[in-house]
Protein chains: 2
Amino acid sequence: MLNKFADVENCPIRNILDRIGDKWSMLILLLLNEEQVMRFNEIHKSIDSISQKMLSSTLKSLEADDLVQRKIYPEIPPKVEYRLTERGKSLIPHLQSLVNWASVNFEDISNSRLQYAK
Amino acid sequence: MLNKFADVENCPIRNILDRIGDKWSMLILLLLNEEQVMRFNEIHKSIDSISQKMLSSTLKSLEADDLVQRKIYPEIPPKVEYRLTERGKSLIPHLQSLVNWASVNFEDISNSRLQYAK
DNA sequence: CTGTATCCGCAGCGATACTG
DNA sequence: CAGTATCGCTGCGGATACAG
């Protein structure tokens with residue numbers, strides 16, 4: 001029935017979840033949506049708890065999905081800008097809808113967890 | 001700035017992502033939304049690629065957040081029913097909005113990845 | 001400045017066996 | 001039927017050092 005959802009290769013849900021469901025992707029997408037254009041180190045400063053490695057690899061996978069565009073300026077020292085693609089922008093409203101739900105329900109859920117723990 | 005998002009304890013986004021961002025939660029929520037009421041083994045049969053352990057622990061965490069309600073019938077053999085709570089139902093539209101986006105963009109994203117890999 | 005390379009710990013998850 | 005307990009693997013992600 002819904003077993004198709006469990007098939008990573010051919011399931012749209014799994015496919016998107018594997019992207020935005022990781023630790024940093026959604027955060028970076030929302031950040032880029034607010035700031036429009038950012039350099040590598042600007043993102044790093046805005047999210048200073050992310051490691052350089054994860055910032056780099058997360059940006060790569062977002063670029064691979066064409067959600068984020070990477071623009072290199074052949075200068076020394078190097079300058080690289082990141083911004084949302086049209087596809088990336090089209091995802092934002094859905095993410096924000098989730099964020100809103102999470103914000104509204106955050107406190108109640110926290111309380112439910114405390115109750116459950118007892 | 002957006003560093004608050006990186007704080008697991010107090011960040012609504014992280015909080016919700018930690019829930020639905022795992023391997024099975026979103027799938028189970030959508031399944032329960034379609035079927036209304038399901039017993040443990042019914043869910044297991046619908047998603048036969050999930051292990052008993054993960055089904056059990058995922059349902060527990062969904063119950064802890066009061067997204068899913070667990071109803072036990074004191075019979076032998078035991079009978080347990082799962083269904084969405086009102087809070088769980090309120091999350092569904094946002095999940096489906098993501099699913100729709102994923103379905104629409106699935107093929108294009110797959111192609112982008114192939115291109116990127118070259 | 002914008003990354004890569006390497007090492008490694010830990011948590012998520014699966015497989016299997018067992019229980020009330 | 002509806003779970004728990006235990007073991008073990010895998011890969012995400014962090015820390016650190018290095019590179020163009």
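- For the pair A:M26 and A:I20, the tightest heavy-atom approach, listed with the atom from each and the gap, is CB-O, 3.9 Å.
- Atom C1' of nucleotide D:dC1 and atom CE of B:M38 are separated by 15 Å, given to the nearest angstrom.
- B:I72 is connected to B:L67 through a chain of hydrophobic side-chain contacts under 4.5 Å among Ile, Leu, Val, Met, Phe, Trp and Tyr, so both are in one cluster.
- When rounded to the nearest whole Å, the span between NE2 of B:H44 and C1' of D:dC1 equals 13 Å.
- Both tests hold for B:R14 against A:W24: distance to the six-membered ring centre under 6.0 Å, angle to the ring axis within 45°.
- For the 3.5 Å distance criterion, the side chains of B:S112 and A:R87 qualify, holding a donor opposite an acceptor.
- In this structure, the CG atom of B:L62 is 16 Å from the C1' atom of D:dG3, given to the nearest Å.
- When all heavy atoms of A:D22 and B:L17 are compared, the pair lying nearest together is O-CD1, 4.1 Å.
- An angle of 50°, rounded to 10°, separates the two end axes of the helix from C:dC1-D:dG20 to C:dG20-D:dC1, each defined over five pairs.
- The closest donor-acceptor contact from the side chain of B:H44 to the backbone of B:L55 lies at 3.5 Å or more, if one exists at all.
- Formation of a donor-acceptor pair under 3.5 Å by the A:S61 side chain with backbone atoms of A:T58 is found in this model.
- At least one donor-acceptor pair closer than 3.5 Å links the side chain of B:N105 to the backbone N or O of B:W101.
- Side-chain atoms of A:R83 and A:N33 form no donor-acceptor pair, as typed in the model, at a separation below 3.5 Å.
- With hydrogens and angles disregarded, no donor-acceptor distance shorter than 3.5 Å links the side chain of A:S97 to the backbone of A:P93.
- Looking at residues 50-58 of chain A, you'll see A:Q52, A:K53, A:S56 sit with a heavy atom under 4.0 Å from some atom of DNA chain C.
- Applying a 4.0 Å cut-off to non-hydrogen atoms, the residues of residues 66-81 of chain B that approach DNA chain D are B:R70, B:P77, B:P78, B:K79, B:V80, listed by residue number.
- For the salt bridge (charged side-chain N to carboxylate O under 4.0 Å, His left out) test, no residue two or more places apart in sequence or in another chain qualifies with B:R39.
- Nucleotides of DNA chain C lying under 4.0 Å from heavy atoms of chain A occupy a range whose first and last members, 5' to 3', are C:dC1 to C:dC7.
- Taking the salt bridge (charged side-chain N to carboxylate O under 4.0 Å, His left out) definition, one finds that A:K60 meets it with nothing, sequence neighbours left out.
- Taking atom NZ of residue B:K23 and atom C1' of nucleotide D:dC9, one finds them 13 Å apart after rounding to whole Å.
- When the side chains of ILVMFWY residues are joined at heavy-atom separations under 4.5 Å, either directly or via intervening members, A:Y73 and A:L59 end up in two distinct hydrophobic clusters.
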